[in-house]
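Working notes, beginning with the structure itself.
Naming convention: chains lettered A, B, ... in sequence-line order (proteins, then strands); numbering from 1 in each chain.
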Number of protein chains: 2
Amino acid sequence: MTITIKDVAKKANVAPSTVSRVISNSPRISERTKRKVRKVMDELNYHPNLNARSLANRSTKSIGLVLPPALDTSFHNPFFAEVIRGVTAYSNQKEYSLYFITGNNEKEVEQTVIKTVRGRRVDGIILLYSKENDTIIDYLNENKFPFVLVGKPYHSIEDITYIDNDNYAASREVTDYLIDHGHQKIAFIGGDRNLLVTKNRLRGFQDTMLLNGFTVSDEEIIFTSFTRDGGRNAVSQLLELEELPSAIVVTDDVLALGIISVLQEHTISVPSDISIVSFNNAIFAELANPPLTSVDINIYQLGYEASKNIISKIEEPDEIEKSIIVPHKLIVRGTSVKKENLELVSS
Amino acid sequence: MTITIKDVAKKANVAPSTVSRVISNSPRISERTKRKVRKVMDELNYHPNLNARSLANRSTKSIGLVLPPALDTSFHNPFFAEVIRGVTAYSNQKEYSLYFITGNNEKEVEQTVIKTVRGRRVDGIILLYSKENDTIIDYLNENKFPFVLVGKPYHSIEDITYIDNDNYAASREVTDYLIDHGHQKIAFIGGDRNLLVTKNRLRGFQDTMLLNGFTVSDEEIIFTSFTRDGGRNAVSQLLELEELPSAIVVTDDVLALGIISVLQEHTISVPSDISIVSFNNAIFAELANPPLTSVDINIYQLGYEASKNIISKIEEPDEIEKSIIVPHKLIVRGTSVKKENLELVSS
DNA sequence: GTGAAAGCGCTAACAG
DNA sequence: CTGTTAGCGCTTTCAC
């Protein structure tokens, strides 16, 4: 039923090995026989069995894409769709396939990674998330299995190839921007406090505030989840402050969406009462109401570079791979304005 | 270097075939030897080579997930993340892996599908989108390769297993809801007019309007893209009408987001000037500003059922598979209200 | 430039 | 219940 390399060989009057060489376009085969064999392959509508190939080959031409546990709220972040677009663009071009690795919880994800790696289903791995004490990273490192991380590692920074933005710098820029626009009392709302992104963006914010002589109290730093309830809690914590901030730095657009909506419920309007600047410039940022002022972190490129990196790591294992910092850019839209009643600042 | 089934066999003093049977947990092996072999597998940290397995087996325990071309704007629709969550939930439980199939354009997607199918990398396929004259569906059908479609097929409905909502009924409900709330002049804004979802939702809308004695002119039916410009065009077309509608049925939450935002720019406020009801109840629907009144189509379940269907199709090919209609539910939130100035209707 | 033959790591009759 | 043996479909030395 299934037509194999032998069928092609027979019909083309060559040996199976010759057909194999034609498939991999070996230079040791004459153009003439290549043409002949290819013609037969077409006639027979032959397609190589990739499992057999991988087995003989020890190469799968696929890479594993590790996503956060599907039950995590973060799974829905448009961030992932966009990284995947970037990854796909390059890997498709290089004819690599993508294996989708996730699970309902962290344990499951790890099990799947191990099964996939040891089962030789993939040649390399792209980690689309990392958290503190990530056993997956440890596993891959110990087994010297090729992988790259989108984001920044918590430890062994020197040993891990990662693709990331300079989140600290981006956050400094954002804060500077707000300060330049007359804001002095600024709050910070972040997602999961254990994520390095959150930490770095917070640090950039705090440092910049301090450098400009503004203080930030603990109550003005809030961590919350990506739900409406999360937004609600964050806002009510904000409302308890004796003086409302005139601006908020929010670490993610989805978060910002929730915050804005809840603020509006309290008839606090954005940006006239409070300015908001968020991060990621998600696809809906410009569709939001008002459109979000957000830091474009080039998610697509993050994915593209990750793909490029892992593939070159697979194909040239000896080359030393450098981690990559992808540039960012603040996109000013409708959620941020100058604070007019502070003329002294514009001096 | 790599440790194989033979190593395990030798160390456990059994034949390789016995080890193989232990791996697949064959009932023909005694508990005692199973324990013995498993112990050795642990000691040696053995993991089966899945390619070898698939080759000998003619089964991969993986299924291919076909996404729309990555360059399509629809790729970003949160819809996909949520279906995938549903698919993952079931397939993980059944220990199936997911192969990610997409490309930069339709041609590429099709090529990848063929390569993956003929390369025997997957046992079945879940199509996450379909369009008119879809050659992928034809290919799979002709080759009798197991697949299910999330959505509704354009032709050969009888021959294709699909998982879908009753979009026509849902749309009728939505329109009825608006009419019940006093709206008489209602517009319709849809995404890609070639998609069957769009068509069915439009049909439900039109039929309901007609049945209630309201007319819908062509200018009140608009098709647009998922971008801010799309929203802008749609709104400006709306503004050209001599009389503004008091409500709009929008086929997708993302679209609704854009429309609302552009309306606001024109100081037309939602819902006080115009009510909006959209579809899908995307994850951000409740985070939006105002929160979206939207039809919950149970995206997660759509994915879950698709996964269940394809896996049972793979494992019991003779069973006849029935297509599944997943129920929907209108979730009323902040974008829709009663039109007060029409007392006559409430009689 | 091409062929013959061994083998990748596993499973599946068939025997016993 | 377990072992022997012959592949699964491809690649890769090693010859010639």
Side-chain angles (χ1 to χ4, degrees), chain A residues 1-38 40-41 44-62 95 97 115-123, chain B residues 1-38 40-41 44-62 95 97 115-123:
Chain A
M1 194 61 244
T2 35
I3 100 122
T4 77
I5 215 173
K6 282 187 185 169
D7 302 318
V8 177
K10 199 169 292 171
K11 183 150 184 210
N13 276 319
V14 293
S17 50
T18 303
V19 179
S20 171
R21 291 186 183 106
V22 173
I23 293 174
S24 53
N25 199 19
S26 156
R28 305 189 345 196
I29 300 288
S30 73
E31 273 310 316
R32 205 167 143 275
T33 45
K34 271 188 189 170
R35 265 199 302 279
K36 185 174 65 179
V37 170
R38 289 208 180 104
V40 175
M41 282 173 29
L44 262 42
N45 191 16
Y46 167 79
H47 281 257
N49 181 316
L50 300 175
N51 296 308
R53 219 167 174 210
S54 295
L55 182 58
N57 229 351
R58 290 124 189 302
S59 134
T60 63
K61 282 273 207 172
S62 6
E95 306 222 273
S97 312
K115 200 178 91 182
T116 311
V117 166
R118 298 292 312 267
R120 304 204 172 283
R121 273 247 159 100
V122 297
D123 298 338
Chain B
M1 192 62 244
T2 35
I3 101 122
T4 78
I5 214 172
K6 282 187 185 168
D7 303 317
V8 178
K10 199 170 292 171
K11 182 148 185 213
N13 276 319
V14 293
S17 52
T18 302
V19 179
S20 171
R21 290 185 186 106
V22 173
I23 294 173
S24 52
N25 198 21
S26 156
R28 302 185 350 193
I29 300 288
S30 73
E31 273 311 316
R32 202 166 144 275
T33 45
K34 271 188 190 171
R35 265 198 303 280
K36 184 174 65 180
V37 171
R38 288 209 179 102
V40 175
M41 281 171 29
L44 262 44
N45 190 15
Y46 167 78
H47 281 256
N49 181 317
L50 300 175
N51 296 309
R53 222 170 170 209
S54 296
L55 182 59
N57 228 351
R58 288 124 192 301
S59 133
T60 63
K61 282 274 207 172
S62 3
E95 307 221 274
S97 313
K115 199 179 92 183
T116 311
V117 166
R118 297 293 311 267
R120 303 206 173 283
R121 274 247 160 101
V122 297
D123 298 338

Rounded distance in Å - CG (B:Leu55) to C1' (C:dA12):
13 Å

Applying the side chain to side chain contact (heavy atoms under 4.5 Å, CB included) test to B:Ile23, which of B:Arg38, B:Arg53, B:His47 qualifies?
B:Arg53

Nearest to the side chain of A:Tyr46, which nucleotide is it out of D:dC10, C:dT11, D:dT4?
D:dC10

With the side chain counted from C-beta on, respond yes when A:Arg21 and A:Pro27 share a heavy-atom pair under 4.5 Å apart, and no when they do not.
no

For B:Thr4, report the nucleic acid contact type (base, sugar-phosphate, nothing); a contact means any heavy atom under 4.0 Å.
sugar-phosphate

Tell me whether the side-chain N or O atoms of B:Ser17 pair up with the base of D:dT4 as donor and acceptor below 3.5 Å, since no angle test is needed here.
yes

Starting from the C-alpha separation in whole Å, work towards a yes-or-no answer on side-chain contact (heavy atoms from CB on, under 4.5 Å) for B:Lys34 and B:Asn25.
CA-CA 8 Å; B:Lys34 271 188 190 171; B:Asn25 198 21; 2.8 Å; yes

Give a yes or no on whether the backbone of A:Lys61 and the side-chain of A:Asp123 come within a donor-acceptor separation of less than 3.5 Å.
yes

Can you find a side chain N or O atom of B:Arg58 that sits less than 4.0 Å from OP1 or OP2 on C:dT11?
no

Touch check for B:Arg28, heavy atoms < 4.0 angstrom, all strands: base, sugar-phosphate only, or nothing?
base

At under 4.0 Å between heavy atoms, what does B:Asp7 touch on the DNA or RNA strands: base, sugar-phosphate, or nothing?
nothing

Value in whole Å for how far the C1' atom of C:dT11 lies from NZ of B:Lys61
15 Å

Using a heavy-atom cut-off of under 4.0 Å over every strand shown, decide if A:Val14 touches base, sugar-phosphate, or nothing.
sugar-phosphate

Check the distance between C:dT2's P and A:Lys10's NZ and give it to me in whole angstrom.
20 Å

Just N and O in the side chain of A:Thr2: are any of them under 4.0 Å from OP1 or OP2 of D:dG9?
yes

Would you classify A:Thr33 as touching base, sugar-phosphate or nothing, given that sugar-phosphate means primed atoms plus P, OP1 and OP2, and contacts are heavy atoms under 4.0 Å?
sugar-phosphate

May I have the distance from B:Asn51 (atom CG) to C:dT11 (atom C1'), rounded to whole angstrom?
14 Å

Rounded to whole angstrom units, what separation is found between the CG atom of A:Leu50 and the P atom of D:dT11?
10 Å

d(NZ, B:Lys34; P, D:dC1) in whole Å
10 Å

Rounding to a whole Å, what distance do you find between B:Asn49:CG and C:dC8:P?
11 Å

Proximal nucleotide (of C:dC10, C:dG3, D:dT2) relative to the B:Ser30 side chain
D:dT2

With heavy atoms under 4.0 Å as the rule, sort A:Arg120 into base, sugar-phosphate or nothing.
nothing

Give a yes/no on whether any side-chain N or O of A:Arg53 is located under 4.0 angstrom from OP1 or OP2 of D:dT11.
yes

Minimum heavy-atom distance A:Pro16-A:Ile5, with the two atoms named
O-CD1, 3.9 Å

On DNA chain D, check which nucleotide each of A:Ile23 and B:Asn57 is closest to and give me the residue with the more 5' one.
B:Asn57

A:Pro27 or B:Arg21: which one's nearest nucleotide on DNA chain C is closer to the 5' end?
A:Pro27

Rounded to the Å, how far apart are A:Lys6 NZ and D:dC10 P?
10 Å

Nearest non-hydrogen partners of B:Ala9 and B:Ala15, listed with the distance:
CB-C, 3.8 Å

